[in-house]
Amino acid sequence: MRAPPAIPAAIPASVPTSALPAADAFFTTPALGETRALIVLKDGKPIFERYAPGYGPGTRLISWSMAKSITATLIGFLVADGKLELDTPAPVTEWQGDARAKITLRQLLHMASGVKHLEAGPEPERADTYRALFADTSADIYKAAVAEPAGVPPGTRFEYNTLTTHILARIVADAIAPGAKPTERKRAVRAFINDRLARPAGMASLLCEFDPAGNLYGGSLCHATARDWAAFGQLYLDGGVVAGVQVVRPDWVRFVRTPSPTNAGYGGQFWLNVKPFDGKDEALFWRAGPADAYAANGHLGQYVIVVPSRRLVVVRLGKTQDEVLQPVRDGLATLVNGFPAVVAK
């Protein structure tokens, strides 16, 4: 079968220079890895858009862990609807009767549940995330996630892990389709994403994956065009408003970008440009500022960065190994800091 023709890039990858050399550097500097798409919005208007050969405006690109911020947004809708509460025990039936029964929804969103998960390590085949996505526990990611035991008291330690967000995704499903069978669960969640987020936010290409048990891969596997990822960032930059309509409540926008108690560099499933609890450079560029920047981040260098003080949204999508991402973070810092802070009127 003949492969479909590649969609032409809005701005050809062969363009040598532009008004934003710090943005072009992502396509010309080998140290910045493989950038497949880069978009910069200023005051909601695109001022830079470029793609690598073979990619273009119609190409859906994987989220990896940027999906966590999508899932947090879905949780926000249900909190606004009164179906979920941040500070009551998370509705996880499998945890009733043991120490995990006290874990709140807020603690799950803050990655501070205390549940003993193994996100990664020197032996990937043993990590919970890889097993649930690709190996022996992949038939039902929710079952794998809730089976892990308590490690420390909830709310006492930050421990980033993808299975926590898979639990949040199932909480979404159970809130909108309680007791649903896999096919029905999948249909209900997909409709909820489309009706509450994708359509009103202008993210028509957003497509999220599900496991065989009908569980949303809420921590890992959503796909959208670079333009639609930019629309997601703009939704948050504009305080949850799109075309005059309040899509995400402003208090939820504040919640996701507020430092969590166990890690100031992490909010509600978004990373913050604030010194993290361990002082490492693994998310954004807190040493360079601006301090109000926050982002949906993903494996291999996926970023949707929101910078209110610059009225900026920066989307970088590509494939750069995590252990060599520092030049990418530095490049993003240079790009963002090339714009002056907006003076309040």
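When reading the values below, keep in mind they use all heavy atoms of this one structure, side chains included, and skip hydrogens, waters and symmetry mates.
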When you look at Y266 and F158, which way does the ring-ring contact (aromatic ring centres under 6.0 Å, His included) test go after all the steps?
CA-CA 9 Å; Y266 198 77; F158 175 83; 5.3 Å; yes
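- Using a cutoff of 4.0 Å between basic side-chain nitrogens and carboxylate oxygens, D238 and R311 are scored as salt-bridged.
- A donor-acceptor distance shorter than 3.5 angstrom exists from the side chain of S63 to the backbone of C222, with no hydrogens or angles considered.
- Here the side chain of S138 pairs no donor or acceptor atom with the backbone of F134 at under 3.5 angstrom.
- Within a 6.0 Å sphere centred on CD of E85, heavy atoms belonging to other residues, nucleotides or ligands number 12 at most.
- In terms of hydrophobic clustering, with Ile, Leu, Val, Met, Phe, Trp and Tyr side chains grouped at heavy-atom distances under 4.5 Å, L86 and L168 are assigned to a common cluster.
- The closest donor-acceptor contact from the side chain of T225 to the backbone of D228 lies under 3.5 Å.
- Counting heavy atoms from C-beta on, the side chains of L108 and I103 come closer than 4.5 Å.
- When side chains are defined from C-beta on, L317 counts as touching W229, because their heavy atoms get closer than 4.5 Å.
- Residues F48 and K42 fail the side-chain proximity criterion, which asks for heavy atoms closer than 4.5 Å.
- Using the six-membered ring where Trp is involved, W271 and Y160 have ring planes that are tilted, between 30° and 60° apart.
- W64 and N297 are not linked by any side-chain donor-acceptor pair at a separation below 3.5 angstrom, with hydrogens and angles left out of the test.
- Between Y51 and T35 there is no side-chain heavy-atom pair separated by less than 4.5 Å.
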Check the pair D24, R50 against salt bridge (charged side-chain N to carboxylate O under 4.0 Å, His left out), reporting the backbone distance first and the verdict last.
CA-CA 8 Å; D24 275 312; R50 185 168 169 180; 2.4 Å; yes
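- Within the model, atoms OG1 of T320 and NE2 of H299 stand 10.5 Å from one another, a figure rounded to the nearest 0.5 Å.
- In this structure, R170 forms a cation-pi arrangement with Y142, its terminal cationic atom sitting closer than 6.0 Å to the ring centre and no more than 45° off the ring axis.
- Electrostatic pairing of D251 and R249 counts as a salt bridge here, judged by a charged N lying under 4.0 Å from a carboxylate O.
- Smallest separation of non-hydrogen atoms from P91 and L84: CG-CD2, 4.1 Å.
- Side-chain contact between V307 and P290: present, with at least one pair of heavy atoms (C-beta onward) separated by less than 4.5 Å.
- Formation of a donor-acceptor pair under 3.5 Å by the D211 side chain with backbone atoms of I141 is found in this model.
- Under the 3.5 Å distance criterion, the side-chain polar atoms of Q246 are matched with a main-chain donor or acceptor of V248.
- Of the inter-residue distances, the one linking N273 atom CG with L332 atom CG reads 10.5 Å to the nearest 0.5 angstrom.
- At least one side-chain heavy atom of L325 sits less than 4.5 Å from a side-chain heavy atom of Y303.
- Proximity of L74 to R196: side-chain heavy atoms (C-beta onward) are nowhere separated by under 4.5 Å.
- Listed here is the closest heavy atom pair of A175 and L78: CB-CD1, 3.8 Å.
- One finds the CG atom of D98 at 10.5 Å from the CD atom of E94 (value rounded to the nearest 0.5 Å).
- Linking ILVMFWY side-chain heavy atoms closer than 4.5 Å, directly or via other members, places L133 and M111 in two distinct hydrophobic clusters.
- The backbone N or O of A112 lies less than 3.5 Å from no partner atom in the side chain of R157, so there is not a single donor-acceptor pair.
- If you chain together hydrophobic residues whose side chains sit under 4.5 Å apart, V172 and V146 fall into the same group.
- Both I62 and L300 sit in one connected hydrophobic cluster of ILVMFWY residues. Membership requires side-chain heavy atoms under 4.5 Å apart, directly or through other members.
- Side chains of Y55 and R36: a donor on one and an acceptor on the other come within 3.5 Å.
- Between E184 and K186 there is no salt bridge, since no side-chain nitrogen of the basic residue lies less than 4.0 Å from a carboxylate oxygen of the acidic one.
- Under a 3.5 Å cut-off, the side chain of D43 and the backbone N or O of K45 do not form any donor-acceptor pair.
- In this model, a donor atom of one side chain and an acceptor atom of the other lie less than 3.5 Å apart for K68 and S65.
- For S69 (side chain) and Q269 (main-chain N/O), a donor-acceptor pair under 3.5 Å exists by modelled atom type.
- With hydrogens and angles left out, the side-chain atoms of N215 and H166 include no donor and acceptor closer than 3.5 Å.
- For R190 (side chain) and C208 (main-chain N/O), a donor-acceptor pair under 3.5 Å exists by modelled atom type.
- Interatomic distance, D136 CG to R131 CZ, rounded to the nearest 0.5 Å: 4.0 Å.
- Within the 3.5 Å criterion, the main-chain N or O of F339 finds a donor-acceptor partner in the side chain of R310.
- Under a 4.0 Å N-O distance rule, the pair R100/E148 does not qualify as a salt bridge.
- Classified by interplanar angle (parallel below 30°, tilted 30° to 60°, perpendicular above 60°), the ring pair F255/W252 is tilted.
- One hydrophobic cluster, built from ILVMFWY side chains closer than 4.5 Å, cannot hold both L163 and Y217; they sit in different ones.
- Side-chain contact of T164 with N161: a donor-acceptor pair under 3.5 Å is present, judged by distance alone.
- For the residue pair S309/D292, the side-chain donor-acceptor check at 3.5 Å is satisfied.
- Counting heavy atoms from C-beta on, the side chains of V242 and L235 come closer than 4.5 Å.
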